[in-house]
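For reference, the structure discussed in these notes is given below.
Numbered from 1 within each chain, the chains take letters A, B, ... in sequence-line order.
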Amino acid sequence: MAEIPKAYEPQEVEKHWNQYWLNNSCFRANPDSAKPAYSIVIPPPNVTGILHLGHVLNNTLQDVLARIAGMKGFETLWLPGTDHAGIATQVVVEKTLRAEGLTKHDLGREKFIERVWEWKEKHGGIIIEQLKKLGCSCDWARERFTMDAEYSRSVTETFIDLYNKGLIYRGKRMVNWCPVSMTALSDEEVSMKTLADTMYYFKVEIAENPGTFLTIATTRPETIPGDSGIAVNPKDKRYAEFIGKHAIRPLPHKLPPEEKLIPIVPAEHVEFEFGTGVLKVTPAHDKTDFEIGKQHGLDFIEVINANATMNRRAGKDLENLDRDQARVCAWDLLEKLGAAVKKEPYEHNVGFSERADVPVEPRLSEQWFLKYPSQDKARQAVVNGDIRFYPDRWAKVFNHWMENIQDWCISRQLWWGHRIPIWYRDDEIRCQAESPGDGWTQDPDVLDTWFSSWLWPFATMDEQTQRKFYPTSVLVTAPEILFFWVARMIMAGFEYTGEKPFSHVYLTGIVRDKLGRKMSKSLGNSPDPLDLIDKYGADALRFGVMRSAPLGQDVLFDEQHVELGRNFCNKLWNVCRFRQLQGETVKSQINPDLLTSDDKWILARLDAAIAELNTALNEYRFTESTHILYRFFWSEYCDWYVEAAKSALYNDDQDRKHNTLAVIDFILSTTLRLFHPFLPFITEELWQDMGYNKSCDKDRGDESIVTAPWPEWISAEFKTRFGIDRTNHDFAAQKYELVTQARNLRRETNIPSNKKIRFVFKPRAHWPQEESASFKLLLNAEPLEINPEFNPPKGTPTTLSPLGELYMPLEGVIDVEAEKARLTKEIEKIKTEISKVEQRLANPAFMEKAPAHVREENLKRKTDWQSKLDHAQSVMNHLCE
RNA sequence: GCGCGCUUAGCUCAGUGGUAGAGCAUUACCUUCACACGGUAGGGGUCGCAGGUUCAAGUCCUGCAGCGCGCACCA
């Protein structure tokens with residue numbers, strides 16, 4: 001056993017164990033195993049993606065769950081993979097083409113797709129490699145890609161099935177069109193943004209009443225050439241008389257007069273108060289106008305091209321202008337024509353394409369739509385708790401969306417993706433995977449990427465794997481894709497497997513910077529996780545993120561959290577190093593007869609930590625889990641037990657020393673296992689270094705910590721045999737409390753903590769001889785006298801505990817005034833506490849109605865404070881004599 | 001507009017009716033033979049506001065305010 005270095009250096013350690021785990025196939029899932037199954041499918045990251053902190057959070061959580069399940073004896077599958085990210089990937093590859101002076105049209109569809117595959121082979125594995133660096137325990141042999149041949153077959157078959165069920169249909173509808181990506185989008189891919197915009201007011205003349213004008217408010221004057229009607233509310237007395245008449249549309253102005261006439265129609269939804277109460281109707285470029293247009297048989301005049309430039313029908317002046325330029329130009333024209341009335345600043349919400357970050361253009365086009373299958377089953381599963389959300393408030397959000405569900409626009413005008421299995425010949429249409437033969441042409445569109453990822457939980461598994469691992473246990477993902485992905489997977493699951501795809505859905509928070517802003521490339525506030533791993537280690541990054549990611553809350557990322565993780569790893573490292581310096585691991589049993597109160601106390605604390613940890617983890621309270629571990633390990637084990645144990649370790653009594661080492665090994669080997677899911681690398685390293693891979697029995701260890709058993713509660717039998725009970729626990733706790741008070745005395749009397757001084761302890765009851773050693777060490781006393789008859793000199797600083805009185809006799813002159821001041825302060829504090837308790841006890845209603853244990857607790861509190869007061873007061877009196 | 005959250009120490013957050021907590025930051029002391037990526041002891045909170053229920057409210061109820069998110073949307 002080589003001595004380990006003073007500071008933990010994660011880089012080599014992490015590389016080494018990653019390789020070891022992979023070489024030994026530690027994470028291979030065996031579908032033939034007799035063990036119960038636990039499974040997770042990874043939310044497939046975008047194949048163009050690189051690891052960001054959101055991935056770190058999300059995948060660390062999954063890794064923790066997967067590793068715990070493995071240690072608990074489940075046959076565990078964590079299935080990794082990526083999705084083909086239609087738009088994003090196509091955009092990336094088009095960019096590389098542009099660098100060569102080419103467009104995708106120069107290559108043609110087939111060649112272009114070849115290029116995408118080339119790109120994917122070269123760069124698509126990056127994020128998978130990054131996940132490995134993070135320590136993810138995925139079954140890498142099962143990595144899947146949504147464009148894999150087998151997976152693609154499932155996608156195509158699903159389309160055909162839904163088509164045959166009549167749930168997929170084609171329709172010419174108003175869709176969300178992204179003029180940059182040049183494709184239709186689903187409603188979910190549009191997000192509203194508030195814009196500081198302009199409201200333009202212009203007037204139109206009534207053809208039948210020359211000289212009478214209506215003023216119209218609009219934010220989009222460039223669409224005036226596309227207007228084919230004017231709508232007013234029939235109940236609006238100001239305008240009702242004009243219904244049925246015609247207005248003269250001002251743009252384009254060089255048309256024959258009869259082509260400028262547009263009818264004035266009634267529409268209930270036009271509001272009196274809004275704008276002028278007169279609405280221009282552009283049925284080809286606005287969703288609500290489309291409905292009005294259909295209702296009144298208005299013309300559908302398209303004036304905007306797919307790329308958001310204006311076309312010929314917009315008029316010579318606007319033609320070829322971009323929609324934004326056209327807006328300015330149209331207003332100029334209105335001013336020249338004398339039709340402009342006024343413009344004013346106006347704030348409103350506009351739908352943006354999430355992918356390209358430009359305003360969506362509502363556009364009339366032929367698209368494929370899906371009526372969602374298995375809606376009722378999906379809703380029911382969540383309502384009756386078959387599928388549970390963590391935190392559960394997301395169930396409400398899910399329900400709300402399901403209740404207002406709209407048909408899904410699934411066609412995309414892209415080349416990269418699953419091509420729609422629809423074939424045309426003249427007027428004939430067929431839905432099938434392969435071409436029906438000569439003369440048939442396939443629909444040019446591909447399917448929305450989510451139309452493939454909604455099959456992910458089962459399309460990634462062959463039949464045998466599904467039998468063992470489907471439905472999966474839990475899905476861990478971001479709330480942003482609750483509708484995009486989670487809800488759709490539930491419906492697909494029921495439709496195609498007859499079962500839910502997962503039992504639990506854990507929704508993470510969003511990772512933000514420490515100012516609460518979303519991570520974004522343009523803000524430059526998004527640290528590269530790989531840099532953090534290089535600097536601090538993957539374990540530190542994982543622990544830091546976990547420790548600051550409470551359930552249901554966003555995560556404010558601060559590099560300090562990672563630093564804390566690193567410090568923690570270093571502490572773990574050093575306390576193990578300390579153990580190593582005490583000599584070889586001895587495979588010896590703990591002897592109950594040699595246990596001190598310190599030993600019993602730390603075993604009891606461990607038991608409590610395990611219990612709390614398991615409860616927290618069952619409810620997915622990860623942050624709390626890390627806090628429990630942190631507290632136990634640092635504040636209890638390191639701060640108190642290790643320090644107390646030094647008295648035995650530095651002693652000549654070999655039996656006691658060995659027994660202490662046995663306790664330490666018991667605690668450490670258990671603690672390392674508890675930490676392993678959170679800190680996989682350092683715990684494996686220490687597990688091997690410390691020799692626990694060899695020295696622990698099967699019920700407490702294994703060759704690798706990955707397969708070592710998860711610590712369950714310490715058994716009642718163990719506790720009885722080792723005397724781990726309330727009395728022993730409280731004795732040690734009171735001893736530590738007394739030590740803290742004594743250290744406080746030192747500080748208040750300006751005695752440095754490293755100076756050994758004389759203490760005299762006057763125990764209240766029998767004081768076991770073996771308790772003195774650790775007490776003395778913790779006090780840094782030289783000597784520590786145990787003297788039940790001690791009669792302190794006047795003014796000796798002292799403190800009281802249920803165990804007895806502790807005195808710190810000072811050599812030389814005692815500063816009486818300082819001591820008086822200290823006591824006065826203390827007495828003040830005690831009196832406040834007493835009056836609080838007395839107030840409560842004096843209340844007859846409290847004495848009558850409060851439960852007995854609360855009453856007793858308060859009575860005891862009062863007695864305790866009272867004896868402290870008596871003690872302090874008598875010292876004070878003595879001092880004043 | 002509808003819905004869902006949040007508001008506790010300087011900061012970030014725990015705290016499901018019974019003595020207000022953690023980490024960071026801060027103050028003082030300590031370079032003590034595991035660790036300065038460390039140790040010891042402190043200071044710091046009328047728990048957003050106003051009512052109510054209760055013997056007892058940070059915790060339950062009502063109202064209000066501020067912040068955030070989701071959905072919908074009016075040109």
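A distance of about 12 Å separates the P atoms of G21(B) and G43(B), rounded to the whole Å. For the P atoms, the distance from U40(B) to A57(B) is 37 Å, rounded to whole Å. For the P atoms, the distance from A14(B) to A22(B) is 16 Å, rounded to whole Å. Spacing of C1' atoms, U7(B) relative to A50(B), comes out at 16 Å, to the nearest Å. Taking atom C1' in both G52(B) and G45(B), one finds a spacing of 25 Å when rounded to whole Å.
Within the 4.0 Å cut-off from OP1 or OP2 of C35(B), at least one side-chain nitrogen or oxygen of K6(A) is found. Here N574(A) does not reach the OP1 or OP2 of C37(B): none of its side-chain N or O atoms lies under 4.0 Å away. Taking 4.0 angstrom as the limit, T276(A) places none of its side-chain polar atoms (N or O) nearer than this to OP1 or OP2 of A75(B). Dashed line: the shortest gap from a side-chain N or O of H348(A) to OP1 or OP2 of A75(B) is under 4.0 Å. In terms of phosphate contacts, N404(A) brings no side-chain nitrogen or oxygen within less than 4.0 Å of OP1 or OP2 of A72(B). Here Y650(A) reaches the OP1 or OP2 of A34(B): one of its side-chain N or O atoms lies under 4.0 Å away. In this model, the phosphate group of A75(B) is approached by a side-chain N or O of Y346(A) to a distance below 4.0 Å at OP1 or OP2.
Checked options W394(A), F622(A), F389(A), Y390(A); the residue passing with Y506(A) is F622(A) (criterion: ring pair (Phe, Tyr, Trp, His ring centres under 6.0 Å)).
One can find a donor-acceptor pair under 3.5 Å joining the base of A34(B) and the side-chain atoms of K646(A).
Taking atom CD of Q560(A) as the reference point, atom C1' of C24(B) lies 6 Å away to the nearest angstrom.
Between F543(A) and F678(A), the ring planes are perpendicular. Angles over 60° get that label, and only those under 30° would be called parallel.
U46(B) is unpaired under the Watson-Crick or G-U wobble criterion, no partner having all donor-acceptor distances under 3.5 Å. Judged by Watson-Crick or G-U wobble contacts below 3.5 Å, the nucleotide C71(B) has G1(B) as its partner.
W865(A) comes within 4.0 angstrom of nothing in the nucleic acid, heavy atoms only. Across all strands shown, N349(A) has heavy atoms under 4.0 Å from base atoms, whether or not it also approaches the sugar-phosphate. Using a 4.0 Å heavy-atom distance criterion, K571(A) is classed as a base contact.
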